[in-house]
Amino acid sequence: MTRDERPLHAVPAIVWGALIVALAVQLTWRAVQAPSAPQASDLPPAPSVQALRLASFGEPNALARVTMLYLQAFDSGATNRQPYRRLDYTRLIGWLEAILALDPRSEYPLFTASRVYAENPDAAKSRLMLEFVYREFFADPDHRWQWLAHAALLAKHRLHDLPLARRYAAAVDRSARSPDVPLWARQMEIFILEDMNEFEAARIMLGGLLASGQIRDPAEARFLAHRLKDLETKSAR
């Protein structure tokens, strides 16, 4: 549990009451409408952040969690195996933005954005979600780098869009300054440049990384030095 989270018993009774009422209404609706469960396309527009703050009764983090549960359970009918694929992604992003505004320290909205919603086989929807992750990354790079790093991998391996993958990888390397950011995340741009046949740019970046003294592991330093020689050979050609 992080310092920003509290045990469930600390959540005010009025918030639990509101959640119970909401769940009861939802269950009743489903019971009455059983033959025609809500479809993904029925996701309503996200409420304004101001409205959500008023509804939180001073507990925005708790409401953010409840709202995230609502969003994930919105279209969970038994006949719908891949509901998120059919969601209106513009509205979906509106909900995720509102939830992050309520609780900026929460990792769950960006986790689901990058690891669930962005893996939609619909490339256009995937790109919308990746761009959402990219925009939100800059609000807190030191805590959100991992979701943008995953976005870079999706852009490279699923969308096969190396320039897009490089843009995301470069943002991680340039904006995330925490020592907790691992070297593999900082090195992504170098190897994407190599995939793009931009050998000279990759050589310069890798040489700078080795010269910076950030590589502490001797085995990793030897591996990267070998890669640098390969890049020098490719660049010379």
Side-chain angles (χ1 to χ4, degrees), residues 2-4 93 96-97 100-101 104-120 123-237:
T2 67
R3 60 185 179 84
D4 294 317
I93 288 170
L96 293 171
E97 287 173 339
L100 271 178
R105 298 286 292 181
S106 176
E107 296 185 356
Y108 202 48
L110 290 174
F111 168 81
T112 56
S114 62
R115 301 303 294 267
V116 179
Y117 299 129
E119 296 194 5
N120 194 322
K125 288 185 173 182
S126 180
R127 288 175 183 275
L128 282 174
M129 194 58 63
L130 292 178
E131 283 297 294
F132 162 72
V133 174
Y134 176 71
R135 291 193 306 272
E136 294 295 336
F137 160 78
F138 291 101
D140 192 358
D142 287 344
H143 292 98
R144 297 180 177 181
W145 66 266
Q146 56 187 314
W147 315 125
L148 189 58
H150 186 72
L153 295 176
L154 287 179
K156 176 181 176 180
H157 295 292
R158 291 179 68 97
L159 297 179
H160 307 292
D161 188 337
L162 291 177
L164 184 65
R166 181 191 175 186
R167 182 158 68 97
Y168 296 158
V172 172
D173 183 40
R174 289 159 177 71
S175 298
R177 305 264 49 97
S178 170
D180 295 332
V181 180
L183 282 172
W184 67 261
R186 300 193 183 282
Q187 297 166 8
M188 282 194 304
E189 185 183 7
I190 296 171
F191 300 119
I192 292 171
L193 282 169
E194 186 177 3
D195 291 336
M196 296 172 69
N197 295 327
E198 298 283 352
F199 302 124
E200 180 64 13
R203 181 191 69 79
I204 292 171
M205 288 193 66
L206 183 53
L209 178 63
L210 285 168
S212 70
Q214 296 182 53
I215 312 300
R216 308 281 184 177
D217 187 328
E220 184 174 12
R222 286 193 299 271
F223 169 75
L224 292 177
H226 179 71
R227 293 295 296 268
L228 180 59
K229 289 183 179 179
D230 286 344
L231 287 171
E232 288 172 346
T233 301
K234 292 176 180 178
S235 180
R237 291 174 184 170

Checklist entry - Can any side-chain N or O of S175 pair as donor or acceptor with the backbone N or O of V172 at less than 3.5 Å? => result no
Next on the checklist: I need the full list of side chain to side chain donor-acceptor pair (under 3.5 Å) pairs touching residues 221-232, with sequence neighbours left out, sorted by first then second residue.
Outcome noted: E194-R227
Next on the checklist: Just so I know, are the side chains of M188 and D173 near enough to count as touching, which here means a heavy-atom distance under 4.5 Å?
Outcome noted: no
Item to check | Partner residues of T233 under the side chain to side chain contact (heavy atoms under 4.5 Å, CB included) criterion, sequence neighbours left out | outcome: R237
Item to check | With R174 via side chain to side chain donor-acceptor pair (under 3.5 Å) - residues at least two apart | outcome: E189
Item to check | Those residues that, when tested against E220, pass salt bridge (Lys or Arg N to Asp or Glu O under 4.0 Å) (two or more places apart) | outcome: none
Next on the checklist: Run I190 and L224 through side-chain contact (heavy atoms from CB on, under 4.5 Å) and show every step you take.
Outcome noted: CA-CA 11 Å; I190 296 171; L224 292 177; over 6 Å; no
Item to check | Side chain S126, main chain E119, donor-acceptor under 3.5 Å | outcome: no
Item to check | Shortest non-hydrogen separation from A151 to L130 and the atoms involved | outcome: CB-CD2, 3.5 Å
Checklist outcome for this item: Correct closest heavy-atom pair for A152 and A165 would be O-CB, 3.4 Å
Checklist entry - Are H143 and D180 close enough that some pair of their side-chain heavy atoms sits under 4.5 Å apart? => result no
Next on the checklist: Taking salt bridge (Lys or Arg N to Asp or Glu O under 4.0 Å) as the definition, give me every residue that meets it alongside R144, ordered by chain and number, with sequence neighbours left out.
Outcome noted: E136
Checklist entry - Side-chain contact, heavy-atom cut-off 4.5 Å: L96 with M129? => result yes
Item to check | Test item: P182 and W145 side chains (from C-beta on) under 4.5 Å apart, heavy atoms | outcome: yes
Checklist entry - Do the side chains of R177 and P141 get nearer than 4.5 Å, heavy atoms only? => result no
Next on the checklist: Which residue in the set F137, Y117, F111 passes ring pair (Phe, Tyr, Trp, His ring centres under 6.0 Å) when paired with W147?
Outcome noted: F111
Next on the checklist: Apply side-chain contact (heavy atoms from CB on, under 4.5 Å) to residues D140 and R105 and explain how you reach the verdict.
Outcome noted: CA-CA 9 Å; D140 192 358; R105 298 286 292 181; 3.6 Å; yes
Item to check | Contacts of type side chain to side chain donor-acceptor pair (under 3.5 Å), residue R127, not counting sequence neighbours | outcome: D161
Next on the checklist: Going by the rule side chain to side chain donor-acceptor pair (under 3.5 Å), which residues pair with E200 if we only count those two or more places apart in sequence or in a different chain?
Outcome noted: R203, S235
Next on the checklist: For a side-chain contact (heavy atoms from CB on, under 4.5 Å) check, start with the C-alpha distance between L154 and R115, then their side-chain angles and the critical distance, and finish with the verdict.
Outcome noted: CA-CA 9 Å; L154 287 179; R115 301 303 294 267; over 6 Å; no
Next on the checklist: Run the side chain to side chain donor-acceptor pair (under 3.5 Å) test against R158 and tell me which residues pass, sequence neighbours left out.
Outcome noted: none
Next on the checklist: Could you measure the distance from the CG atom of L100 to the CZ atom of R135? Nearest 0.5 Å is fine.
Outcome noted: 11.0 Å
Item to check | Contacts of type salt bridge (Lys or Arg N to Asp or Glu O under 4.0 Å), residue K156, not counting sequence neighbours | outcome: D195
Checklist entry - Restricting to pairs with a member in residues 159-182, which pass ring pair (Phe, Tyr, Trp, His ring centres under 6.0 Å), not counting sequence neighbours? => result Y134-Y168
Next on the checklist: List the residues meeting side chain to side chain contact (heavy atoms under 4.5 Å, CB included) with A101, not counting sequence neighbours, and say none if there are none.
Outcome noted: V49
